[in-house]
2 protein chains.
Amino acid sequence: MDRRASVPESNRRRPGGRSARVREAILRATLELLAERGFAGITLPAVARQASVNKTTVYRWWSAPLDLVQEALTDFEALALPDIDTGSWEGDVEAFVRARLRLIRDPMAAGILRAVIAMGGSDTTRGEWVDAFWKPRERKWRSPVERAIERGELAASAREVPLVELVAGPLLLSHLATERPLSRKEVSALVATIAAGVTALHGR
Amino acid sequence: MDRRASVPESNRRRPGGRSARVREAILRATLELLAERGFAGITLPAVARQASVNKTTVYRWWSAPLDLVQEALTDFEALALPDIDTGSWEGDVEAFVRARLRLIRDPMAAGILRAVIAMGGSDTTRGEWVDAFWKPRERKWRSPVERAIERGELAASAREVPLVELVAGPLLLSHLATERPLSRKEVSALVATIAAGVTALHGR
DNA sequence: CCATAAAAGCAACTTTAGGTTGCTTTTATG
DNA sequence: CATAAAAGCAACCTAAAGTTGCTTTTATGG
């Protein structure tokens, strides 16, 4: 049986010492290449070079670039969003924007997000996986709206507003696509506009 | 002197007939591969195959994938946005969203946008070029806000609102990144929220 | 309409880089 | 400290990018 591409850390036979170090180096190298060169930059020999590890070692445990990327991203916690609960939903929006800004300003995180975006599209296998990648990160952020509705700050109709997209989309466009980051003023205006719009239509 | 990668259509020595057909086929093939496989899919032999053209012909006129992509995108008019002027700025916002939706739903346009996003980042040469790619497409869409201010619909302070990002960002995120397109309802809510927010803060 | 030179096509070649294999050396672990 | 797991090494195969000299096709001007 081929044990490659299906061996989580815990199932490795010698998880202590060198093996662990080598594995870490390989997954870190994968993220570095992914951020710098995109998915196209991930070949097993390239990862081995970046990690200063012999390529046979990489081939022993992973069989394809996608496996490497998948495993590396699972381990990469920086892309996770913090829990946000400021007490008011406007505060939550502001906090979310700030958190997202910090994240997207980190070159490695930005590069990785770009790569993940590029990996979507026609190819079904990748597409499904990319979907699985985003889902948990989105779900985490429906709750503030729900809480606001429970608190009576917003009407139930607020659920129709695609808040995640409204808040994160502009940052994505300005930082990742056009690479003309929003100014301090524009960020403030962004938050204010969304807050005012939602309050005007769904506030109590 | 190397005449490759610096020969616009008009400077070719025999621009009629076959040469023109071959050039068109090559640039079309470039866009197809770019949309389907991303920038990584662009190699000169691959483009030649896709265009049903001999690879020596491609090598004769272009020296690198980036040259091909650059020239192909310059010729690709589908990514241009229509002029919008409905008379009211809310109407303009709605019209812009609809136009952008149509665009982003086209698989080829979506694939190309994804590829362009992925091409941004560290590498300075590419980064500059990607910037040049977006600029004309953005500028075209400051005018509706300006017109609204001139008409007296909005206060001058509305200029601070990053409207392009606010309107296009959510569509970008939902269609290109997460691939969970907004529903009809959500699109309406998006337009309504932005309109209400801007009106509340900057309306007259 | 035809002569001709530009440009496309073709085939054989070199080079580069991904991927494979058998073996040796290092080292975690009982 | 014995030993087996895992990393390293070197030589290899293969596929695809890139190159070259030449032949065939065809746009174009006289």
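Bear in mind that the values here come from a model prediction, so they are computed numbers and not experimental data.
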inquiry  = Let's go through A:Arg98 and A:Glu94 carefully: what are the C-alpha distance in whole Å and the side-chain angles of both, what is the deciding distance for side chain to side chain contact (heavy atoms under 4.5 Å, CB included) to 0.1 Å, and is it a yes or a no?
reply    = CA-CA 6 Å; A:Arg98 300 292 167 194; A:Glu94 168 126 25; 3.0 Å; yes
inquiry  = Does this structure show an ion pair linking B:Asp131 with B:Lys135, if we count only N-O contacts that are shorter than 4.0 Å?
reply    =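 Counted as a salt bridge, because a side-chain N and a carboxylate O are separated by less than 4.0 Å.
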query = Is A:Arg180 salt-bridged to B:Glu165, cutoff N-O under 4.0 Å?
reply =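 B:Glu165 and A:Arg180: not salt-bridged.
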query = In what stems does DNA chain C take part, counting only runs of at least 3 consecutive Watson-Crick or G-U pairs whose two distances fall under 3.5 Å?
reply =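 Expected stems, ordered by start: C:1-30 with D:1-30.
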key: Set of ring-ring contact (aromatic ring centres under 6.0 Å, His included) partners for A:Phe96, sequence neighbours left out   =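 Partners of A:Phe96 by the ring-ring contact (aromatic ring centres under 6.0 Å, His included) criterion, ordered by chain and then number, come out as A:Trp141.
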Between [X] ([atom1]) and [N] ([atom2]), how many Å, whole number?
X: B:Arg49; N: D:dA15; atom1: CZ; atom2: P; result: 14 Å
X: B:Tyr59; N: C:dC13; atom1: OH; atom2: P; result: 18 Å
X: A:Leu33; N: C:dG18; atom1: CG; atom2: P; result: 11 Å
X: A:Leu44; N: C:dT21; atom1: CG; atom2: C1'; result: 16 Å

query = With distance as the sole test, does B:Trp62 use its side chain to make a donor-acceptor pair with the main-chain N or O of B:Leu44 at under 3.5 Å?
reply =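 Here the side-chain-to-backbone pair does not exist.
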Would one find a side-chain N or O of [X] under 4.0 angstrom from OP1 or OP2 of [N]?
X: A:Trp61; N: D:dA6; answer: no
X: B:Arg21; N: C:dA7; answer: no
X: B:Ser19; N: C:dA7; answer: no

Interatomic distance, [X] atom [atom1] to [Y] atom [atom2] [nearest 0.5 angstrom]:
X: A:Leu154; Y: A:Ile149; atom1: CG; atom2: CD1; answer: 6.5 Å
X: B:Glu153; Y: B:Thr199; atom1: CD; atom2: OG1; answer: 8.5 Å
X: A:Thr30; Y: A:Ile42; atom1: OG1; atom2: CD1; answer: 5.5 Å

Pairwise N/O distances under 3.5 Å, protein to nucleotides 9-11 of chain C:
unit_1, atom_1, unit_2, atom_2, d
C:dG9, OP2, B:Asn54, N, 3.1
C:dG9, OP2, B:Thr57, OG1, 3.1
C:dG9, N7, B:Arg60, NH2, 3.3
C:dC10, N4, B:Thr56, OG1, 3.1

